Amino acid sequence: MSEVNENTMPPNFIKEIIDEDLKTQKYNRVHTRFPPEPNGYLHIGHAKSICLNFGLGKEYGGLTNLRFDDTNPTKEDVEYVDSIKEDVKWLGFDWEDRLYFASDYFDTLYEYAIKLIKKGKAYVDSSPFEQIKVERGAPTKPGVESKYRKRPIQENLELFEKMKNGEFEDGVHVLRANIDMASPNMNLRDPILYRIRHAEHHRTGNKWCIYPMYDWAHGQSDSIEGITHSICTLEFENHRPLYDWFINELEIHHPRQIEFARLNLNYTIMSKRKLLRLVEEKHVSGWDDPRMPTISGLRRRGYTPESIRNFADRIGVAKRDNVIDISQLEYSIREDLNAKAMRVMAVLTPIKVELINYPESQVELLEAINNPEDISMGTRQLPFSRELYIEANDFQEVPHKKFHRLSPGNEVRLRYAYIIKCEEIIKNQDGNIEKLLCSYDIDTKSGTGTSDKKVKGTIHWVSAKHSINAKVRLYDRLFNVPAPDSDKENDFIKYMNPDSLITIENSKVEPYLKNAKPGERFQFERLGYYCVDSKESSSDNLVFNRTVTLKDSWAKIENKS
RNA sequence: UGCCCUAUGGUGUAACGGUAACACAGAGGCCUCUGGAGCCUUGGUUCUGGGUUCGAAUCCUAGUAGGGCAGCCA
């Protein structure tokens with residue numbers, strides 16, 4: 001697990017509120033929490049929240065809990081609990097011994113409910129589902145009080161206990177708070193606290209058949225844990241008065257809730273439901289498919305925890321709706337990997353080059369720099385011989401006017417090696433290039449300074465007989481429109497990018513990569529950042545995933561003309 | 001025809017009543033044995049109209065626009 005860097009996050013309105021609360025002694029400590037529901041995998045939007053909550057805890061010398069809000073047994077599963085824990089850890093955060101579950105508080109919550117009933121602030125409603133829905137009214141229309149609203153306290157107590165004891169079928173009764181059916185805030189129109197659900201819970205098993213609603217459980221859970229600042233997304237702003245009402249009626253510790261705008265990224269989707277659909281309908285290989293915006297997907301794609309944390313800091317926190325450009329995320333990973341990734345030679349789509357004036361059996365070992373951004377990473381030896389592979393698109397038979405690479409009669413430098421000149425093109429019967437016959441200039445060996453010949457381009461290469469095969473997966477954005485789920489007419493599936501994954505079976509990589517470990521990240525010179533696939537790669541069957549390309553200014557020049 | 005929230009360059013975020021800053025993207029240029037990296041240059045009548053003030057992106061007010069709220073989901 002990597003360390004969280006010491007940089008503090010940029011100023012934001014939440015820090016201002018906390019500063020103020022500390023100054024006024026509203027609280028004398030900072031305690032936050034990250035409260036996911038274990039019903040899906042975490043995505044980059046959750047990463048923003050995790051970085052925020054844990055970042056605040058760290059920055060103020062406080063604490064941050066990990067708490068699962070597992071109040072709906074029909075949707076939750078331990079698979080999700082495990083993946084969420086792994087993701088939070090991988091991002092570099094530590095909840096220490098403070099791993100909690102809302103289900104830990106089911107007993108307390110039950111007692112709290114009884115307290116409310118005794119105060120006449122909650123009642124058992126035996127109206128059918130539809131009745132309750134109709135009586136709730138609409139945003140512009142006040143609700144109507146239930147005929148069970150004035151049920152005697154003793155009867156409520158007895159019914160509620162029977163609900164708990166499993167004496168009723170699902171849906172027969174609910175426990176409701178007694179607040180205000182005419183409130184302009186719908187959340188205050190006698191919200192449901194408990195519903196009957198004869199379902200097995202992933203932690204409490206069959207102990208309960210009544211389960212608290214999120215609204216009833218969430219605020220009290222924060223209170224029980226002594227949370228000072230409950231940070232959540234904007235849609236809970238209207239729920240805050242309800243949470244305040246509960247806390248006040250119960251007379252328990254009062255956390256301060258602060259809402260912020262969730263992350264939106266273009267060219268992807270963030271809805272858990274839709275991500276689940278991609279997985280279930282097999283549009284992707286799983287939650288950790290490298291094209292998914294999930295944390296596990298980004299991890300398998302080759303993103304580093306540091307890059308995600310830096311991204312979270314850079315995009316900031318505010319209350320207005322936002323759509324972050326995906327290039328911002330890509331910038332963060334390039335920035336990190338540029339500093340850290342070892343450079344390596346890999347030819348994705350090879351064409352053969354034969355150096356006609358290079359001795360048949362000669363092999364030279366050339367020194368290559370592992371990372372020009374970090375010379376402490378040293379150098380390595382690169383075998384060079386008469387037969388090489390170069391990238392197919394580094395050769396143009398009829399070169400574009402600004403093309404600086406190899407073309408007939410033209411010279412180019414082979415990185416860390418010699419300058420070569422294309423003398424002849426050998427084609428097969430179909431007219432496809434079989435190989436290029438080139439000459440090399442012995443006086444131009446890299447590092448010798450024996451020639452002052454200048455050449456416009458430098459290309460990467462690999463020695464044919466020393467290279468090893470690799471499978472390379474080129475990943476691109478999953479959708480080809482900026483907002484795939486904003487179209488009300490068309491399903492978002494329609495906007496999936498058919499070229500989001502292109503697999504190349506026979507790429508040639510330098511021999512150093514033979515021992516590359518799963519998850520290890522490299523820069524393939526002039527191409528991009530790649531990592532060894534953590535699931536399917538082995539030393540005799542290398543599989544690389546493209547994390548992100550290098551910035552490609554040539555592509556822009558090419559597109560312009 | 002209700003309540004709540006929001007409004008700063010293309011996208012984000014900052015500026016805390018003293019005259020708009022930073023990052024990404026875009027466009028130019030320099031440099032380069034990665035067309036990478038790095039460096040330089042280049043964008044805003046701060047949603048609109050009033051008001052308060054010597055002074056407003058910041059405060060007040062009225063509009064306008066966008067988002068949220070009618071699960072026994074979270």
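Chain identifiers are assigned alphabetically (A, B, ...) following the order of the sequence lines, protein sequences preceding nucleic acid strands; residue numbering begins at 1 within each chain. Treat the numbers as computed from the prediction; the structure is a model and nothing was measured.
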Pi stacking test for A:H218 and B:rA74: under 5.5 Å apart, planes under 30°: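 Answer is no, no stack.
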Pairing residues for A:E145 by the side chain to side chain donor-acceptor pair (under 3.5 Å) criterion, not counting sequence neighbours: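 Testing A:E145 for side chain to side chain donor-acceptor pair (under 3.5 Å), a comparison that skips the adjacent residues, returns A:R149.
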Set of side chain to side chain donor-acceptor pair (under 3.5 Å) partners for A:H460, sequence neighbours left out: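 Result, side chain to side chain donor-acceptor pair (under 3.5 Å) vs A:H460: A:E391, A:R526.
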Heavy-atom protein contacts under 4.0 Å, nucleotides 26-31 of chain B, coded B base, S sugar-phosphate only, - none: SSS---
Footprint string (nucleotides 62-70 of chain B, 5' to 3'): B base within contact, S backbone only, - free, heavy atoms under 4.0 Å: -----SBSB
List for me each residue that meets salt bridge (Lys or Arg N to Asp or Glu O under 4.0 Å) alongside [X], sequence neighbours excluded, and say none if there are none.
X: A:R67; answer: A:D69, A:D222, A:E225
X: A:K272; answer: none
X: A:R343; answer: none
X: A:D485; answer: A:K274

Less than 4.0 angstrom from a charged side-chain N to a carboxylate O is my criterion; do [X] and [Y] meet it?
X: A:E411; Y: A:K453; result: yes
X: A:R189; Y: A:E135; result: no
X: A:E59; Y: A:K15; result: yes
X: A:E306; Y: A:K340; result: yes

Worked check of side chain to side chain donor-acceptor pair (under 3.5 Å) between A:S332 and A:N310: CA-CA 7 Å; A:S332 291; A:N310 289 341; over 6 Å; no
Strand RNA chain B in bracket notation, Watson-Crick/G-U under 3.5 Å with | for pairs to another chain: .((((((..((((....[..)))).(((((.......)))))....(((((..]....))))))))))).....
Please determine, for the side chain of [X], which listed nucleotide ([options]) has the closest atom?
X: A:T140; options: B:rU34, B:rG2, B:rA23; answer: B:rG2
X: A:R526; options: B:rG35, B:rC73, B:rA14; answer: B:rG35
X: A:S327; options: B:rA14, B:rU34, B:rA25; answer: B:rA25

By ring-ring contact (aromatic ring centres under 6.0 Å, His included) - contacts of A:F246 (at least two apart):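 ring-ring contact (aromatic ring centres under 6.0 Å, His included) list for A:F246, sorted by chain: A:W216.
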Glycosidic conformation of B:rG9, taking syn as within 90° of 0 and anti otherwise: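 Base orientation relative to the sugar is anti.
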Integer-rounded Å distance: B:rG12 C1' and A:N310 CG: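 Nearest whole value for this atom pair: 16 Å.
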Residues within residues 255-272 of chain A bordering RNA chain B, heavy-atom distance below 4.0 Å: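 Result for residues 255-272 of chain A: none.
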B:rU34 base / A:Q523 side chain donor-acceptor hit below 3.5 Å: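 Yes, a donor-acceptor pair under 3.5 Å.
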side-chain N/O A:R314 vs B:rC22 OP1/OP2, d < 4.0 Å: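 So the side-chain polar atoms of A:R314 never come under 4.0 Å of the phosphate oxygens OP1 or OP2 of B:rC22.
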Sequence-distant partners of A:I192, side-chain contact (heavy atoms from CB on, under 4.5 Å), two or more places apart: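 Only A:I132, A:V174, A:R176, A:M213 meet the side-chain contact (heavy atoms from CB on, under 4.5 Å) criterion with A:I192.
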